[in-house]
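Quantities reported herein were computed from a predicted structural model and do not represent experimental measurements.
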Amino acid sequence: MVSDELRKDAHNLDVTVWVGKHGIESVTDELADQLQNRRLVKVKFLRAARGSDDTETLATELADAVDADLIETRGNTAVLN
């Protein structure tokens with residue numbers, strides 16, 4: 001279970017990774033690098049990335065791709081640890 005502390009910390013984070021029309025594969029290296037240096041990373045899924053998928057699905061795929069934990073999704077953003 002994700003701690004309330006991580007969710008609280010995520011609230012004030014700025015988005016540092018944007019997923020666009022090139023999909024999640026184009027950001028996996030950058031996200032992996034950021035996760036090595038930060039406890040949490042906020043990711044925004046732009047309309048071009050979403051297509052017919054929802055944010056939760058894309059965020060789960062991205063978390064799996066970089067071996068991270070999905071902390072939460074809200075709107076078109078996700079927080080990974």
Please report the closest heavy-atom contact between A49 and G20, naming both atoms and the distance.
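That closest heavy-atom pairing would be CB-O, 3.1 Å.
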
Here the pair of heavy atoms bringing A10 nearest to L40 is N-CD1, 3.8 Å

[X] vs [Y] side-chain heavy atoms within contact, under 4.5 Å:
X: L62; Y: F45; value: yes
X: D53; Y: R50; value: no
X: K44; Y: V17; value: no
X: L80; Y: K42; value: no
X: R7; Y: R74; value: no

So with a 6.0 Å cut-off around CG of N37, is the heavy-atom count from everything else above 12?
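Buried by this count: over 12 neighbours within 6.0 Å.
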
If we ignore hydrogens and angles and just use 3.5 Å, is the side chain of [X] paired with the main-chain N or O of [Y] as donor and acceptor?
X: D67; Y: A63; result: no
X: T28; Y: A65; result: no
X: R39; Y: N81; result: no

side-chain contact (heavy atoms from CB on, under 4.5 Å) test vs V19 passes for just one of V27, N76, L31, namely V27

Under a 4.5 Å side-chain heavy-atom rule over Ile, Leu, Val, Met, Phe, Trp and Tyr, are L46 and I24 clustered together?
no

Could you tell me which residues satisfy side chain to side chain donor-acceptor pair (under 3.5 Å) with T57, sequence neighbours excluded, listed by chain and number?
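Partners of T57 under the side chain to side chain donor-acceptor pair (under 3.5 Å) test: D54.
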
Can you list everything that forms a side chain to side chain donor-acceptor pair (under 3.5 Å) with E56? Sequence neighbours excluded, please.
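E56 satisfies side chain to side chain donor-acceptor pair (under 3.5 Å) with T73 once adjacent residues are dropped.
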
Separation of T16 OG1 from E30 CD (nearest 0.5 Å):
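It comes to 7.5 Å.
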
When rounded to the nearest 0.5 angstrom, what is the spacing between CG in L70 and OG1 in T55?
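It comes to 10.5 Å.
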
Take E61 and D64 through the test side chain to side chain contact (heavy atoms under 4.5 Å, CB included) and record every step on the way to the result.
CA-CA 5 Å; E61 290 175 16; D64 290 346; 5.8 Å; no

